[in-house]
**Q** 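Got a structure for you, questions after.
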Amino acid sequence: MGFTIGGIRDLRSSSRRRGRAYECVTTVAEYTGLWGWDVVPGARASRGGRPAGAVCSCGADDCPSPGAHPLSFAPRVPAGATLDAAAAAWAEVPGAAVLLPVGRSFDVLEVAEAAGRHALARLERMGLPLGPVALTPHGRALFFVAPGAADELPQLLYRMGWDDARLDLRCLGPGEHVTAPPSDHAGLGPMRWLRPPTLDTAGRPPHARLLLGTLAYVCHRSAAS
């Protein structure tokens with residue numbers, strides 16, 4: 001089926017009535033069919049009676065990233081996949097988290113949540129183009145930017161004079177994944193959107209250079225305060 005904003009609203013309403021599992025499927029269908037993102041099923045984490053650490057659904061006792069990595073045996077759901085395709089994929093891995101591969105449709109600039117909120121307010125006042133921004137349950141803000149940012153970051157920071165600064169800022173690129181809202185991340189709680197995707201921003205996130213100066217400045221000020 002094709003996707004529109006109105007159609008997604010109807011799917012969300014239906015998913016709330018039909019339960020959590022169907023809500024996950026409609027979320028996958030929204031990401032692939034409306035926003036044009038690839039999706040991969042991810043592991044889930046639980047405490048499992050072990051206060052020392054989370055138990056990962058991948059089954060590995062020594063998992064280095066419980067509940068925060070793709071399931072190696074689960075197939076990718078490509079951009080453009082239909083609701084039926086999403087349902088078929090998630091039927092194979094019920095309860096899986098929704099993960100987005102980085103480096104294909106977007107890279108991600110990651111900063112502390114407080115700095116991210118401050119920077120976002122400044123960027124909005126400046127009228128700069130913005131993409132989606134997600135929040136993790138452990139206090140990080142993820143700014144979606146155009147692919148290629150991870151490779152460009154060192155040179156961009158050098159050109160802007162921030163290469164010697166100790167910044168709480170990093171860039172995620174190809175080979176990495178982010179947990180997508182509203183999936184649970186690493187057993188810590190759900191991911192959330194601070195700035196949700198739209199038809200204008202999901203497929204055309206801004207270039208990192210447009211945001212980096214403000215993000216670096218706010219991170220630097222945060223570290224100094």
**Q** Taking all non-hydrogen atoms of both residues, which atom of Ala54 and which atom of Ala186 are closest, and how far apart?
**A**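 Smallest interatomic distance, heavy atoms only, reads CB-O, 4.5 Å.
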**Q** Let me check something: do Val102 and Val28 share a hydrophobic cluster, defined by ILVMFWY side-chain heavy atoms less than 4.5 Å apart, either directly or through other members?
**A**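 Yes, Val102 and Val28 fall within the same hydrophobic cluster.
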**Q** Working to the nearest 0.5 Å, report the span between OG1 of Thr198 and CH2 of Trp35.
**A**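 Atom-to-atom, Thr198:OG1 and Trp35:CH2 are 6.5 Å apart.
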**Q** Quick check: is Phe73 connected to Val98 through a chain of hydrophobic side chains (ILVMFWY, heavy atoms under 4.5 Å apart)?
**A**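 Each belongs to a different hydrophobic cluster.
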**Q** Taking ring pair (Phe, Tyr, Trp, His ring centres under 6.0 Å) as the test, write out the residues that go with Phe106, two or more places apart.
**A**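 So Phe106 forms a ring pair (Phe, Tyr, Trp, His ring centres under 6.0 Å) with Trp37, Phe144.
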**Q** How far apart are the closest heavy atoms of Ala43 and Ser57, and which atoms are they?
**A**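 Where Ala43 meets Ser57 most closely, the heavy atoms are CA-OG, 3.4 Å.
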**Q** Search all heavy atoms of Pro147 against all heavy atoms of Arg104 and return the closest pair with its distance.
**A**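 Heavy atoms of Pro147 and Arg104 come nearest at CG-O, 3.5 Å.
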**Q** Under 3.5 Å, which donor-acceptor pairs link side chains of residues 169-182 to any protein atom two or more places apart or in another chain?
**A**
residue : atom : partner : partner atom : Å
Arg170  : NE   : Glu110  : OE1          : 3.3
Arg170  : NH2  : Glu110  : OE1          : 3.3
Glu176  : OE2  : Gly173  : N            : 3.1
Thr179  : OG1  : His185  : ND1          : 3.0

**Q** What residues, two or more places apart in sequence or in another chain, satisfy side chain to side chain donor-acceptor pair (under 3.5 Å) together with Thr27?
**A**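 In terms of side chain to side chain donor-acceptor pair (under 3.5 Å), with neighbours along the sequence ignored, Thr27 is linked to no residue.
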**Q** State which residues pass salt bridge (charged side-chain N to carboxylate O under 4.0 Å, His left out) with Arg221; sequence neighbours excluded, sorted by chain then number.
**A**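 Expected list: none.
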**Q** Would you indicate whether the side-chain heavy atoms of Ser105 and Asp38 approach each other to under 4.5 Å?
**A**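 A side-chain contact under 4.5 Å is absent here.
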**Q** Can you give me the closest heavy-atom contact between Leu167 and Cys219, atom names plus distance?
**A**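 Where Leu167 meets Cys219 most closely, the heavy atoms are CD2-CB, 4.3 Å.
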**Q** I need the full list of salt bridge (Lys or Arg N to Asp or Glu O under 4.0 Å) pairs touching residues 198-211, with sequence neighbours left out, sorted by first then second residue.
**A**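 Counting only pairs at least two positions apart or across chains, the salt bridge (Lys or Arg N to Asp or Glu O under 4.0 Å) contacts touching residues 198-211 are Asp200-Arg204.
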**Q** Leu99 and Val93: same hydrophobic cluster, using ILVMFWY side-chain contacts below 4.5 Å?
**A**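 No, no single cluster joins them.
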**Q** Quick one, Glu113 with Leu194, criterion side chain to side chain contact (heavy atoms under 4.5 Å, CB included). Give me CA distance, side-chain angles, the key distance, then yes/no.
**A** CA-CA 10 Å; Glu113 179 178 340; Leu194 179 58; over 6 Å; no
**Q** Any side-chain heavy atom of Val77 within less than 4.5 Å of one from Tyr31?
**A**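 They are not in contact (no side-chain heavy atoms under 4.5 Å apart), so the answer is no.
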**Q** Any side-chain heavy atom of His69 sitting closer than 4.5 Å to one from Cys63?
**A**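 Result yes, sub-4.5 Å side-chain heavy-atom pair found.
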**Q** Linking I/L/V/M/F/W/Y whenever their side-chain heavy atoms sit closer than 4.5 Å, directly or via other members, would Leu71 and Val55 fall into one cluster?
**A**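 Different hydrophobic clusters.
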**Q** Do you reckon Val218 sits in the same ILVMFWY cluster as Val145, going by side-chain contacts under 4.5 Å, direct or chained?
**A**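 Yes.
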**Q** Does a side-chain heavy-atom distance below 4.5 Å link Thr136 with Met191?
**A**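 A side-chain contact under 4.5 Å exists here.
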**Q** Okay, side chain of Arg122, backbone of Thr214: is any donor-acceptor separation there less than 3.5 Å?
**A**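 No, Arg122 side chain to Thr214 backbone: no donor-acceptor pair under 3.5 Å.
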**Q** Do the side chains of Val111 and Asp168 get nearer than 4.5 Å, heavy atoms only?
**A**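 Not in contact.
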**Q** Looking at every non-hydrogen atom in both residues, tell me the closest pair between Ala81 and Thr32 and how far apart they are.
**A**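 Scanning both residues completely, I find the closest heavy atoms to be O-OG1, 3.2 Å.
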**Q** Using 0.5 Å steps for rounding, measure from the CG atom of Leu215 to the CG atom of Leu120.
**A**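 The CG atom of Leu215 sits 9.0 Å away from the CG atom of Leu120.
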**Q** What donor-acceptor contacts under 3.5 angstrom involve side-chain atoms of residues 151-165, with partners at least two apart or in another chain?
**A**
none

**Q** What is the distance from atom CH2 of Trp193 to atom CG of Leu142, rounded to the nearest 0.5 Å?
**A**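 Answer for the CH2-CG pair, Trp193 versus Leu142, is 8.5 Å.
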**Q** Please examine the side chains of Leu123 and Leu210, heavy atoms only from C-beta on, and report whether any two atoms are closer than 4.5 Å.
**A**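 SC-SC contact between Leu210 and Leu123 ruled out.
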**Q** For a 4.5 angstrom cut-off between non-hydrogen side-chain atoms, does Leu211 reach Pro206?
**A**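 Contact flag for Leu211/Pro206 side chains = yes.
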**Q** Considering non-hydrogen atoms only, spot the tightest contact between Ala149 and Asp107 and give its length.
**A**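 Looks like N-OD2, 2.9 Å.
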